[in-house]
2 protein chains.
Amino acid sequence: MSDCEACVVRNRAICSALLPDELAILSKLGRKQHVSRGQTLVWEGDEALVVANVISGVLKLSVSTADGREQIVGVVFPSDFIGRPFGKESSYSVTALTDAHVCIFTRAAFDGFAKEHPDLQHKLLQRTLDELDRARQWMMLLGRKTASERVATLLLEISNRMGSTSCTQILPFLDEFELPLDRQQMGDVLGLTIETVSRQLTKLKEANMISLPDRRSVVIKDRHRLQDLALAA
Amino acid sequence: MSDCEACVVRNRAICSALLPDELAILSKLGRKQHVSRGQTLVWEGDEALVVANVISGVLKLSVSTADGREQIVGVVFPSDFIGRPFGKESSYSVTALTDAHVCIFTRAAFDGFAKEHPDLQHKLLQRTLDELDRARQWMMLLGRKTASERVATLLLEISNRMGSTSCTQILPFLDEFELPLDRQQMGDVLGLTIETVSRQLTKLKEANMISLPDRRSVVIKDRHRLQDLALAA
DNA sequence: CGATTCCTTGATCAGTATCAAGGGCGGTGG
DNA sequence: CCACCGCCCTTGATACTGATCAAGGAATCG
């Protein structure tokens, strides 16, 4: 039973569709939960028993094969919605990439509430449509882009998403940021190996498009050339 | 102003969320339109001015780069919904792969109607969630599967989707079917070249998993082995 | 301070793309 | 009805990108 009024993602999460008294009801259904880096909230193939809003931190959605190949199919940031409302098992796992806080609901409770609140469903629909567009752009990357184009695209995407959810300032993007992903995870998002990611980052650094102050930090030094390389439309 | 009551996809399209009198109103907003093979209904980057239900035929959703690379990011079958309701430009083109009939609405008219009909939005949300799950499974294919796994997966997927929308019988899948895609388009869905697709089909044929009576026909002779190869969960 | 984990770099390999040629099918016009 | 033409598909030879194998180095944590 959290204080939604004071929630840092209050105005960006789907909750923004609700009036104060509706929010009060929803707040009784959910609870704030800490998730440690590496902890898995939902397992691929399990029935989707919970949904959640991300308050802080970054989580990955991932699919894997029996023989151990993994593909990250989504990365979620603060104010994003997690989970599969209205039935069905989850087709992917949800795992924290950083320590995170989420506002979690049982699916049954959330579904019941959502059924009564069309505005919430509308917000959810818009978010899902946006997510689908993003997934499709990523399909183009995975199907048709080269390794260097993929890495450039990822850096710009993270820059944009971190910028738009940044608390400190409402910028369209950030030129300096901390990667929420390690090299292996970058490979898993891009459909590449860790070695290829590393080599491409080195190339971008040598071409003076970026610098890498430490293994988790990126500074974009020439956004324009990076965008050209990323085939940004 | 079409006769929705008699519509062949009446019970499977999103219209199934509506009561007869609501359907009568919606029917006045839309019209039935023929789309010839190869004709493009929506262009990538254009403002999304129309949405539609597919009545018959098959269409592709595709994204392309300035230098001519193309990725098919979705294939839609009868009863599927096309378009991006509630604002935004389309992030992909929609083109008929076969001659098709669609029930088309201006986005403005559809949005207005949908706003007043939560059940319709609910149906749309469920469809969009399903589509997102499918897109994410495809991301795994594009990022991590080998050429032979990809081709096997595609054949099974088409078999399943044609089966579930087949008018003649409600089967879970079909063992014999006509491909709505030529080799180039199969490559564009799978992130492969036409030559690689052709070679993999030949291999599947030589391994007696399928036969290819003519260039557009496929017969699945050993679904079980094909599923193993496709890494079907 | 040592151990472990993560990252980079190098050498080699493999899978798929590219380049190139030929064949079969369907459509068209004589 | 048949011959020709064009398109799509298959197959082969070669090239190249990124994967794999391997080793060393840097940052992090106890």
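Throughout, a chain's letter reflects where its sequence line sits, starting with A, and its residues are numbered from 1.
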Quick check on side chain to side chain contact (heavy atoms under 4.5 Å, CB included): which of A:Ile55, A:Ile82, A:Val9, A:Val54 does A:Cys103 satisfy it with?
A:Ile55

With respect to the phosphate group of D:dT11, does any side-chain polar atom (N or O) of B:Thr202 fall under 4.0 Å of OP1 or OP2?
yes

Check A:Arg134 with A:Glu131, please: is the shortest side-chain N to carboxylate O separation under 4.0 Å?
yes

Going by an N to O cut-off under 4.0 Å, is there a salt bridge joining A:Arg84 and B:Asp133?
yes

Length of the [atom1]-[atom2] vector between [X] and [N], whole Å:
| X | N | atom1 | atom2 | value |
| --- | --- | --- | --- | --- |
| A:Asp214 | C:dC6 | CG | P | 15 Å |
| A:Leu204 | C:dC7 | CG | P | 16 Å |
| B:Asp188 | D:dC9 | CG | P | 12 Å |
| A:Leu181 | C:dC7 | CG | C1' | 15 Å |
| B:Leu201 | D:dC9 | CG | C1' | 10 Å |
| B:Arg37 | D:dC7 | CZ | P | 15 Å |
| A:Lys203 | D:dG18 | NZ | C1' | 10 Å |
| B:Leu212 | D:dC9 | CG | P | 12 Å |

Protein proximity profile, nucleotides 11-22 of chain C - base contact B, sugar-phosphate-only contact S, no contact -, cut-off 4.0 Å on heavy atoms
B----SSBB---

Going through the distances and angles, do B:Glu149 and B:Arg144 end up as a salt bridge (Lys or Arg N to Asp or Glu O under 4.0 Å)?
CA-CA 10 Å; B:Glu149 290 163 355; B:Arg144 296 303 189 194; over 6 Å; no

For B:Phe81, give me all partners under ring pair (Phe, Tyr, Trp, His ring centres under 6.0 Å), at least two apart in sequence or on another chain.
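B:Phe81 satisfies ring pair (Phe, Tyr, Trp, His ring centres under 6.0 Å) with B:Phe110 only.
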
Roughly how far, to the nearest 0.5 Å, is CG of B:Asp80 from CZ of B:Arg127?
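Taking CZ in B:Arg127 and CG in B:Asp80, the distance rounds to 5.5 Å.
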
Side chains of B:Lys145 and B:Thr153: any donor to acceptor distance under 3.5 Å?
yes

Over all strands shown, is B:Arg215 touching base, sugar-phosphate only, or nothing at heavy-atom distances under 4.0 angstrom?
base

So if I take every side-chain heavy atom of A:Ile194 and compare against D:dA27, C:dT8, D:dC9, which nucleotide ends up nearest?
C:dT8

